[in-house]
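Here's the structure we're looking at; comments come further down.
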Amino acid sequence: MAGGAEYDAIVVGGGSGGCVVTHRLVSAGWRVLLLEAGPSDDHLFVRMPATFVRVIGTERTWIYESQEQAAANGRRMHVPQGRTLGGGSSVNAMVYIRGQAQDYDAWAAAGCRGWSWQEVLPWFKLAECNQRLSGDLHGTTGPLKVSDTRFRHPLSLAFVKAAQECGLDYNHDFNGVRQQGVGFYQTTTHEGERASTAATYLAAVKGRRNLTVVTGALVHRVLIEGGRAVGVSWRDGSGMHEARASKEVVLSAGALATPKLLLLSGIGPAAQLRQLGIAVQRDLAGVGENFQDHLECSVYGQCREPISLLGNDQGWTAFMHGLQWKLFRTGLLTSNVVESGGFFDTSGCGRPDIQFHVLPTLVGDVERDPWPGHGISLNPCFLRPASRGVVRLASADPEAPAAFDGRYLSAPEDLATLVRGVKLARRILRAPSLACVVSHELAPGAQAELPDAVIEAHVRSHAKTVYHPAGTCRMGADNDAGAVLTPELEVRGIAGLRVADASAFPLLMSGNTNAPVVMLAERCAASILGQATPAQVKAAA
Ligand SMILES: Cc1cc2nc3c(=O)[nH]c(=O)nc-3n(C[C@H](O)[C@H](O)[C@H](O)COP(=O)(O)OP(=O)(O)OC[C@H]3O[C@@H](n4cnc5c(N)ncnc54)[C@H](O)[C@@H]3O)c2cc1C
């Protein structure tokens, strides 16, 4: 075992959250070691917005596989996650969404002191550098670049108009006073390029003498002495290593890896750890529990003309698109693919319960090839899952996959919400602006009226993750036995150990998860540095 180097802080996982924490600690003068299991993010298909789909399934993603899911026809769900600097923010669809105010008020009501909407909003604004929007709800000077995409495909435009023809309002800002409505997403892009947390936060401190970044470093466990995290061990191409942290170890390995690291380090349900022969450092029942994810289910329409995004991107055409992007950072390759969407209240509960991700092309997933030919995919997704899953160790071997049971669709209301979403998508597909470019529905069926049982069967056989795993090391109040973290994101009962990633969410927010992870990581860093307000963070930057 090589090693012995000492740092002020070690950050495990250079993803969405990890790059933010690293930026702030390095800027404050701390000596920081950032360990990332995957390779660097230096790849054309990462920088070019439209090509992220080509990164999935390569060495820059993990594909986590669930156990068989009883409520989804016994299928195993496959959950891609980022495995490179920037993590999910380097491979995601770049949609910039924060969620609903009620989501964060529910966090506060569940015992997360300081996390109500009014309290988190200033931290969203601290992070944000919005190119178009300003005012009370938006930041314009933060590290995270947010902009409108430079390209809008005719099928995305047709969807936005078709939804309005169904009576849904146009919304120019899903992060504004009202989330409800249909429109175009803002994205974490900057001048036609992806703006991941690696390209923004990490790049801003790259080369500083107090920062060491090691890629290809798979962390095995946190080293704990006398109830305090003092370092980590990891393996890379040259063998096993150890490093020590005098002040803080921060876990940012994502919601499927952070609980695994805690368990391997002896932090988790004591009985489970003993069964695997792992010495218990801290009995914490909630580690790996409370898994949540968003699921969506596609409605596919066949185009009358061969126009779908990237559908003609071959040979000379592909070359010209590439050249346009290279020279001007404009054109089709600046599309984030998921250009349009919306938020709809399908239950009458008074707030949206369904989000649409609309792709101007026919998409498949890890399990299925896409439909052949040209078309559009309308993907309704439920916003507040009621199903809860679990992540456990399958063995004490740090390199063995964890046992992950998402228990997807186990709560009947999740199925019911998706069925309502699919019905709405089918209605929009038939509205005039889409009907004139779409000849017929490919799935779930061409007939305008389908029995609920047919739609339910389609959902059980086709529902897939929106890649938002969360909640597996949730924060909560002192008297909450299932809370793994304090509201300051400290691991309960272990000094010098925090979590800054999606596993800390107590509840999924009503929307995409990258911006909320960035906000949470900003707060984690500020808490470590003793900065109580965004103004203090700015003053120290
Ligand atoms: C394909 C895809 C599309 C998405 N689209 C959107 C979208 O459009 N908008 C949006 O807001 N969100 C989107 N998301 C979700 C969002 O990107 C994630 O929620 C977010 O990136 C999670 O951040 P995180 O810090 O929790 O984890 P991650 O960003 O996943 O970071 C974890 C990092 O830790 C590393 N790691 C894991 N284990 C170890 C280990 N043992 N040792 C060292 N390093 C380790 C990983 O390689 C990874 O780089 C998408 C995600 C995916 C995968």
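Numbering of ligands and ligand atoms starts at 1, following listing order.
Residue-to-ligand polar distances keep L218 apart from ligand 1: every N/O pair is separated by 3.5 Å or more. Here's the thing with A502: one of its N/O atoms is less than 3.5 angstrom from an N/O atom of ligand 1. Considering backbone and side-chain N/O atoms, V219 comes within less than 3.5 Å of an N/O atom of ligand 1. Any N or O atom pair closer than 3.5 Å counts here, and I56 shares no such pair with ligand 1. When only interatomic distances are considered, the shortest N/O to N/O separation between L261 and ligand 1 does not fall below 3.5 Å. At a 3.5 angstrom cut-off on N or O pairs, G88 counts as close to ligand 1. Taking distance alone, with nitrogen or oxygen atoms compared against 3.5 Å, D501 stays at or beyond that limit from ligand 1.
Not a single heavy atom of I97 sits less than 4.0 Å from an atom of ligand 1. By the 4.0 Å heavy-atom criterion, G18 is excluded from the residues contacting ligand 1.
If you look at Y96 next to ligand 1, there are no close heavy atoms at all, none under 4.0 Å. Counting heavy atoms closer than 4.0 Å to ligand 1, residue A217 contributes backbone atoms (N, CA, C, O) but none from C-beta onward. Counting heavy atoms closer than 4.0 Å to ligand 1, residue A255 contributes nothing at all. For S252, every heavy-atom contact with ligand 1 shorter than 4.0 Å involves the backbone, none the side chain. When non-hydrogen atoms are compared, ligand 1 lies under 4.0 Å from the backbone of T84 (N, CA, C, O) but not from its side chain. Counting heavy atoms closer than 4.0 Å to ligand 1, residue S16 contributes atoms from both its backbone and its side chain. Only the backbone of M94 comes within contact range of ligand 1, with a heavy atom under 4.0 Å; no side-chain atom does. Here N92 has heavy atoms under 4.0 Å from ligand 1 in both its backbone and its side chain.
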TODO: Starting from the C-alpha separation in whole Å, work towards a yes-or-no answer on ring-ring contact (aromatic ring centres under 6.0 Å, His included) for W107 and F505.
DONE: CA-CA 8 Å; W107 287 20; F505 297 166; 5.5 Å; yes

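Within 6.0 Å of NZ in K247 there are more than 12 heavy atoms belonging to other residues, nucleotides or ligands.
R24 and E522 are joined by a salt bridge, as a carboxylate oxygen and a charged side-chain nitrogen come within less than 4.0 angstrom of each other. Using a 4.0 Å cut-off between charged nitrogen and carboxylate oxygen, D414 and R407 do not count as a salt-bridge pair. Ion pairing between a basic and an acidic side chain is recognised when a charged N comes within 4.0 Å of a carboxylate O; D42 and R47 show such pairing.
For the residue pair C381 and H294, the shortest heavy atom distance occurs at SG-CB, 3.8 Å.
Partner of R194 under the side-chain hydrogen bond (donor to acceptor under 3.5 Å, both in side chains) criterion, out of N336, N92, T200: N92 alone.
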